[in-house]
Amino acid sequence: MTTILGINAYHGDASAALVIDGQLVAAVEEERFTRLKHDTAFPHRAVRFCLDQAGVAPGDIDHMALSRDPFANLGMRVAHALKDRAGRQVATRRAGNLKKILAAKQTLADGLGVPVRDLKLRAHFVEHHLAHIASSYYVSPFDQAAVLSIDGFGDMISAMWGVGEGGRITQRGEVAFPHSLGVYYTAVTQYLGFPNYGDEYKVMGLASLGEPRYLDEFRRIVRSDGLGYDLGLEHFRHHVEGAAMTWDGGPPSLPPLWGPGMEALLGPARRSADEPLETRHKDIAATLQARLEEVVLGMLRELHAKTGLTSLCLAGGVALNCVVNGKIFDETPFTDLYIQPAAYDGGTSVGAAYYVHHQKLKAPRGFEMTHAYWGPEYSDERMRQALDAAGLIGKELPTAEVVAHTADALAEGAIVGWYQGRLEFGPRALGNRSILADPRRDDMQATLNARIKHRETFRPFAPAILEERTGEWFTKSHPSPFMLLTYPVRPERVAEIPAPTHVDGTGRLQTVRRDQNERYYDLISAFADRTGVPVLLNTSFNENEPICCTPEEAVDTFVRTKMDLLALGNHMVEKGSAPD
Ligand SMILES: [Fe+2]
């Protein structure tokens with residue numbers, strides 16, 4: 001038996017994953033336990049969960065795979081450090097990180113409460129983008145695929161591409177510091193007055209409200225040529241001031257990445273969320289997105305031309321841009337696509353583990369990630385206790401009745417907290433920690449925002465659809481099991497599902513098969529039986545915090561917000577039974 005613990009630490013969305021004999025057993029982000037969004041610490045609690053889930057003792061871990069390689073691109077790091085004062089400051093911070101990464105085995109032992117000599121494992125450092133690529137390719141259904149990872153920076157690199165063949169990934173090229181599409185997107189996101197780590201998602205939603213009127217200007221901000229790109233550096237400042245993420249016991253933050261050149265080109269920045277969002281801001285968001293699409297789709301066409309392959313694996317933070325992803329089939333020759341649910345940094349724990357399994361230990365392929373449910377689940381007893389502790393009275397029903405009763409309530413307009421089984425890995429709730437609602441109701445988006453989510457009105461909610469019915473409701477039907485593709489809703493259907501349809505007539509859909517999530521599939525089917533619509537509106541089970549992990553957190557969110565019904569496993573709780 002070979003047991004590999006994958007770890008993403010000291011980077012956004014710290015996480016752990018456990019692979020035993022090539023099978024993924026558990027994977028989870030640290031933020032789900034610590035409740036700190038995008039937690040960047042060493043993922044002690046995630047590690048503990050993974051080991052407990054598999055019944056593995058610390059001494060039984062054979063390999064620890066970290067998704068960072070402090071020795072990768074060393075020449076580049078040294079050159080950057082020697083360049084100027086900013087470079088030296090960055091280097092000092094990196095040296096601190098290097099120390100922490102090299103001490104990971106000791107840190108792991110400390111967290112597990114065992115002497116380090118009890119750990120027999122071998123530690124491996126996997127370059128960040130190789131870990132990203134491995135996180136997609138090695139768990140994909142493909143024996144052969146073109147692979148591409150794009151993000152901010154990891155180990156000095158912002159994009160890497162190559163080919164996956166059987167058990168081997170071959171790197172063909174990369175883009176290095178200071179040029180980065182992730183930095184490009186984040187910098188303009190900050191310029192538009194969205195300063196928080198992870199706000200890019202909001203700006204992607206905002207983009208649909210504007211027109212891409214600034215393409216000439218944006219082609220100067222980021223220039224591209226086939227698979228390569230570079231930034232017009234006068235619009236940025238990270239190359240002189242650094243782009244290092246900082247955290248201080250809270251969520252990570254990035255310094256401002258846009259430079260004076262961006263204001264000279266596009267006008268004054270929106271300095272805070274209190275300033276109104278004008279047409280100009282919406283048009284800039286639209287152009288930011290349009291230019292990203294031009295560059296990424298151009299890279300993909302070139303990648304196809306260079307490899308001749310028709311299957312594609314994507315990874316990295318930019319692979320969460322579901323609008324770009326949804327255009328791949330129309331605008332590139334690729335005919336098949338795989339993106340792992342945790343395409344962002346959280347997924348690199350899985351990637352590092354599989355990189356060691358295949359590339360270093362030469363083990364044959366034999367696993368495909370077809371669902372995202374790799375986190376903790378909790379017993380019926382624990383759920384009952386959570387309800388008791390909150391003074392709620394639940395009714396325990398057989399599964400078929402839970403499904404039927406929930407479908408009835410949804411069809412009548414109820415907002416339902418749907419808490420079932422194992423927690424999702426990755427940023428999206430996919431039917432185990434979801435808030436569900438009737439997609440047919442025009443006012444449902446506003447109602448959800450007013451009662452529960454309290455978020456910007458331009459951010460869309462997502463449709464979940466029975467996979468086999470996708471083509472009836474959307475103009476494309478390639479499966480999107482992890483809510484990572486946006487497709488146009490068929491024009492004749494828009495009026496039938498207005499709530500999860502974005503202003504531009506698209507939906508960021510999740511397609512659901514019964515073998516991926518039986519109870520969720522049955523619920524959507526039951527809703528379809530009642531209404532003729534095989535779609536539910538799905539948003540994550542949280543208010544403004546990491547997705548609920550435990551039953552207590554779900555109950556707390558239910559009590560705090562104005563949901564109508566909670567399906568906590570087989571326990572059904574009506575709103576009326578909640579204390580005021
Ligand atoms: Fe990354």
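Computed from a predicted structure; not experimentally measured. Counting starts at 1 for both ligands and their atoms, following the listed order. We count residues from 1, following the sequence as given.
Annotation: D225, atom CG; neighbour count of heavy atoms from other residues, nucleotides and ligands within 6.0 Å does not exceed 12.
A cation-pi arrangement is found for R365 relative to Y137, the charged atom lying closer than 6.0 Å to the ring centre and inside a 45° cone about the ring normal.
Residue D345 approaches the Fe ion (ligand 1) most closely through its N/O/S atom OD1. The minimum distance between the Fe ion (ligand 1) and any N, O or S atom of D151 involves atom OD2.
In this pair, F334 and H304 present their aromatic rings perpendicular. The plane angle is above 60°, beyond the 30 to 60° band.
When distances to the Fe ion (ligand 1) are checked against a cut-off of 2.8 Å, H129 contributes no N, O or S atom below that limit. For H128, the nearest N, O or S atom to the Fe ion (ligand 1) falls under 2.8 Å.
The pair E553-R35 meets the salt-bridge criterion, with a side-chain N (NZ, NE, NH1 or NH2) lying under 4.0 Å from an Asp/Glu carboxylate O.
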